[in-house]
Amino acid sequence: MSGAIDSSAPVASPPTWLGRSNAEGEFSPFALAEDLTPLPAYKAAGTTETDFDGLLPAGRTLRLHEDLTNGCGGQLWPAGMTLARYMLRYHAKGWAGKRILELGAGGGLVGLAVARGCDLGEDHAPLCITDQMEMFSLMRHNIALNKLEGKVEAMLLNWGEPLPADIVANPPDVILAADCVYFEPAFPLLQKTLADLLSLRPEAVVYFCFKKRRRADMQFLKQTRRRFDVAEIDDDERPIWSRQGLFMFAITSKGGPGSKEERGR
């Protein structure tokens with residue numbers, strides 16, 4: 001992992017994926033507020049298509065249906081876009097045979113992007129995207145929308161509750177979590193689930209990205225550092241997304257066998 005970013009270094013203009021709200025004030029999944037203001041207005045239901053500025057191979061554009069009927073998880077959020085781009089840029093290769101699970105997936109953006117654009121090997125175990133019951137139908141809809149049945153599986157997972165038997169029997173090597181820091185009473189529940197997952201496979205790595213919206217959000221990070229090893233992730237786009245109040249970390253078991261390479265990038 002590299003040292004701190006040089007604050008004197010020039011910072012590029014935000015690329016197209018860091019757009020803004022439209023004229024009506026609706027939130028675009030490609031828009032990130034420049035300050036920590038209240039959340040923008042929700043979007044109407046619809047389908048978004050993206051190739052992440054060419055990071056997905058030709059002909060593999062990702063389609064995501066967004067629908068807030070059953071909760072805010074039905075909309076794309078900035079940390080999900082950032083984590084998905086990071087995965088496509090740094091982990092397009094090297095994950096063949098890995099079991100991968102996404103927590104708090106909402107519509108499944110990050111997990112579906114990984115399934116679409118990363119080489120997971122032939123006949124790989126289905127990548128698992130998880131959330132509460134309210135998001136289950138949307139996850140399944142987006143799997144079908146991208147014709148990823150058999151390659152991606154939707155599963156119910158409530159933070160703080162016992163892990164599903166299928167996950168206990170087949171623990172993940174890689175755990176993805178984006179924009180899961182938004183509700184302070186859920187912090188200990190999420191941390192319990194992270195602890196449960198890492199206890200199943202101590203060498204697993206959690207790639208965790210969130211946007212700071214309120215002071216309490218940083219308490220989650222402080223609490224997490226007490227329980228786990230937490231390393232900032234090295235990313236060439238960090239000077240851009242860090243200005244938007246986004247944070248990205250690799251979380252591993254305290255003193256666990258996760259390699260320096262995995263934890264740093």
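Heavy atoms of other residues, nucleotides or ligands lying less than 6.0 angstrom from CZ of R140 number 12 at most. By the neighbour-count criterion of 12 heavy atoms within 6.0 Å, atom CZ of R89 is densely surrounded, having more than that number from other residues, nucleotides or ligands.
Judged by distance alone, with hydrogens and angles left aside, the side-chain atoms of D51 form no donor-acceptor pair with the main-chain N or O of L56 at under 3.5 Å. Counting only distance, with no hydrogens or angles, the side chain of T130 and the backbone of L156 share no donor-acceptor pair below 3.5 Å. Side-chain atoms of R85 do not come within 3.5 Å of backbone N or O of E237 as any donor-acceptor pair. The backbone N or O of K93 sits nowhere less than 3.5 Å from a side-chain atom of D119 that would complete a donor-acceptor pair. Put simply, the side chain of N142 never gets that close to the backbone of L145: no donor and acceptor are under 3.5 Å apart. Here the side chain of K211 pairs a donor or acceptor atom with the backbone of Q244 at under 3.5 angstrom.
Here CG of L103 is found 8.5 Å from CZ of F208. Values are rounded to the nearest 0.5 Å. N146 CG to H65 NE2: the interatomic distance, rounded to the nearest 0.5 Å, is 12.5 Å. Between the CG atom in L163 and the CG atom in L197 there is a gap of 5.0 Å [rounded to 0.5 Å]. Here CE of M248 is found 4.5 Å from CG of D235. Values are rounded to the nearest 0.5 Å. To the nearest 0.5 Å, the span separating CG on L148 from CG on L127 amounts to 9.5 Å. We find the NZ-CZ distance between K147 and R63 to be 7.5 Å, quoted to the nearest 0.5 Å.
The shortest non-hydrogen separation linking T193 to W159 is OG1-CA, 3.2 Å. Among all heavy-atom pairs drawn from A204 and I175, the shortest one is CB-CD1, 4.5 Å. Considering all non-hydrogen atoms of both residues, C180 and G104 come closest at SG-CA, 4.1 Å. Nearest heavy atoms, G80 versus D179: N-OD2, 4.1 Å. Residue R99 comes nearest to A125 through the heavy atom pair NH1-CB, 3.2 Å, listed as atom of the first residue, atom of the second, then distance.
With contacts defined as side-chain heavy-atom distances shorter than 4.5 Å, the pair Y207/E102 does not qualify. At a threshold of 4.5 Å between non-hydrogen side-chain atoms, the residues V181 and F187 count as touching. Using a 4.5 Å heavy-atom cutoff, the side chains of V110 and I129 are not in contact. Within the 4.5 Å cutoff, no side-chain heavy atoms of R116 are placed close to those of F52.
With sequence neighbours left out, P126 forms a side chain to side chain contact (heavy atoms under 4.5 Å, CB included) with E153.
Listed by first and then second residue, the salt bridge (charged side-chain N to carboxylate O under 4.0 Å, His left out) pairs that reach into residues 186-195 are K192-D196, sequence neighbours excluded.
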- request: Before giving the answer on side chain to side chain contact (heavy atoms under 4.5 Å, CB included), spell out for C118 and L88 the whole-Å C-alpha distance, their side-chain angles and the decisive distance to 0.1 Å.
  value: CA-CA 6 Å; C118 299; L88 294 172; 4.1 Å; yes
- request: Using the side chain to side chain contact (heavy atoms under 4.5 Å, CB included) rule, take E232 and F247 through it: C-alpha gap first, then chi angles, then the decisive distance, then the call.
  value: CA-CA 8 Å; E232 293 186 4; F247 297 82; over 6 Å; no
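Under the 6.0 Å cut-off for aromatic ring centres, F249 and F228 do not qualify, their centroids lying 6.0 Å or more apart.
Ion pairing between a basic and an acidic side chain is recognised when a charged N comes within 4.0 Å of a carboxylate O; R201 and D173 show such pairing.
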